[in-house]
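Atoms within each ligand, like the ligands themselves, are counted from 1 in listed order. Residue numbers start at 1 and run along the sequence shown.
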Amino acid sequence: MDKVVGILGGGQLGRMLAQAASLLNVNVVILDVGDHAPAKQVVSPRSADLAHINGSFTDPAKIRELAAKVDVLTVEIEHVDVGVLQSVEGSVPLGVHPSPTTIRVIQDKLVQKQHLAAHGCPVSTFVQVDSNAASVTSIAEQLGLPLMLKSRTLAYDGRGNYVLRTLTDIPEAIAALGGRPLYAEKWVPFVKEIAVMVVRSASGEVASYPVVETIHKDNVCHLVFAPLRSNDAMLAKRAREVAEASVKTLEGAGVFGVELFLMENGLIFVNEIAPRPHNSGHYTIEACETSQYENHLRAILSLPLGSTALKVPSAAMVNVLGASNNMDEVTAVARHALTIPGAAVHLYGKSECRKGRKMGHITVVAPSDAERSRRIRPLLERLPSPSD
Ligand code: ATP
Ligand code: MG
Ligand code: MG
């Protein structure tokens, strides 16, 4: 297993990938700005030629430098230069995963929706829109209000989304989305957001993790509950089938996070797919037989996939977001978690705390849902909260 994995991006996902890699004697080389990116802090290179690279993961020269010293290239973020990845693909022994063509489809959310619709995956109504008032007005009249306006590119944590509630807000919406290419989605009155992590091996074998419920706050993942509880005995099976079928339409190995909307009548829509480990899969580190991070590495290195089964009756994950530049508030909730049985603290080693920034997460495992609720409650009460 003495292989070298290159990762574009050195944030928390890269950090948890690197932690999983170290257990398998897999070497990791990180490309990101600065010598102390979160992922770089947890792996010390085995030899000088495997030193991390200081540079932007969007810099073609740096991507080529990384490609030249690894057995496989992967990403912790989809906002990367696909053309450069395609140009190095043939020279990296085990290739680039997920495949650059997959990243290209996913990084433009309109193209992603068109791709899913063309492959028969259930998506709600969406339409391309021009970044001008006339175009947005005509789409709003067609699809109704509220209307979800989305930036096609560079979106994350809801930055790139604008909920249009009245036609008078259109100029503000266009200004807020900053002249980026846009599309619009009909408002989806979901009853729950759910998610499924799917892992796909290099040979095309696909396996899914248990269905989880995700709760967002201000467009950012706040809580994840595993497994999903429902009166509908077939729901979990259906959600996994939709997620697996969606991933099968894409090329390349690795894990994919599939975000789904659950409707009152039981229908499921695909919201979006992340071609990498995902926030809704952090819980797998403590709660599943093989974490999403280890399975991502196994998949891209052509190793046998590990079991995706839950190994605890109940789990929850809470994201710890900064409320200000005060790191002490983050440390305080983490310290409290140390007193709770079944709680595992993950702090990301970010150099600066900022309002809304993901600083860490805490996973709680428990013998029952009731006990899980009891264990997580004091943490929710202590989360940093913005004063304004
Ligand atoms: P991520 O950080 O997950 O990549 P993102 O910036 O790509 O987020 P989306 O996942 O598209 O954003 O949307 C963020 C949230 O906004 C969703 O999780 C959901 O709560 C809400 N949302 C998105 N699309 C719709 C819609 N069409 N109707 C209603 N709510 C929506
Ligand atoms: Mg997204
Ligand atoms: Mg999303």
Note to self: I'd like to know whether R238 forms a salt bridge (Lys or Arg N to Asp or Glu O under 4.0 Å) with E241, so could you lay out the CA-CA distance, the side-chain angles of the two residues, the decisive distance to 0.1 Å, and finally the verdict.
What the structure shows: CA-CA 5 Å; R238 281 194 297 120; E241 280 169 1; over 6 Å; no
Notebook entry, point to check: Do L235 and V211 touch side chain to side chain, with heavy atoms closer than 4.5 Å?
Noted result: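 They are not in side-chain contact.
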Margin query: Could you check whether any side-chain heavy atom of K358 comes within less than 4.5 Å of a side-chain heavy atom of K350, counting everything from C-beta outward?
Written below: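 A side-chain contact under 4.5 Å exists here.
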Notebook entry, point to check: At a 4.0 angstrom heavy-atom cut-off, what protein residues surround ligand 1?
Noted result: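 These residues qualify: K109, M148, K150, A155, Y156, D157, G158, N161, E185, K186, W187, V188, F190, E193, H216, N219, E259, F261, N271, E272.
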Item checked: F256 with L116, same ILVMFWY side-chain cluster at under 4.5 Å ->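 Yes; L116 is reachable from F256 via cluster members.
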Notebook entry, point to check: Do the side chains of V258 and V105 join up, straight or via other hydrophobic residues, at under 4.5 Å, putting them in one cluster?
Noted result: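 Yes, V258 and V105 fall within the same hydrophobic cluster.
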Margin query: Inside 2.8 Å of the Mg ion (ligand 3) but strictly below it, how many protein N/O/S atoms are present?
Written below: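 The number of such protein atoms is 3.
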Next item on the list: Check whether the side chains of S351 and H36 place a donor and an acceptor atom closer than 3.5 Å, and report yes or no.
Entry: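 There is no such pair (donor and acceptor under 3.5 Å, judged by atom type) between the side chains of S351 and H36.
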Margin query: Checking side-chain polar atoms at under 3.5 Å, does T249 have a donor or acceptor matched by the opposite partner on H115?
Written below: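 Note: T249 and H115 side chains meet the donor-acceptor criterion.
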Next item on the list: Working to the nearest 0.5 Å, report the span between CG of L223 and OG of S280.
Entry: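 Separation between the atoms: 12.5 Å.
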Checklist line | S135 side chain vs N132 backbone, donor-acceptor pair below 3.5 Å | finding: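 A pair under 3.5 Å: no.
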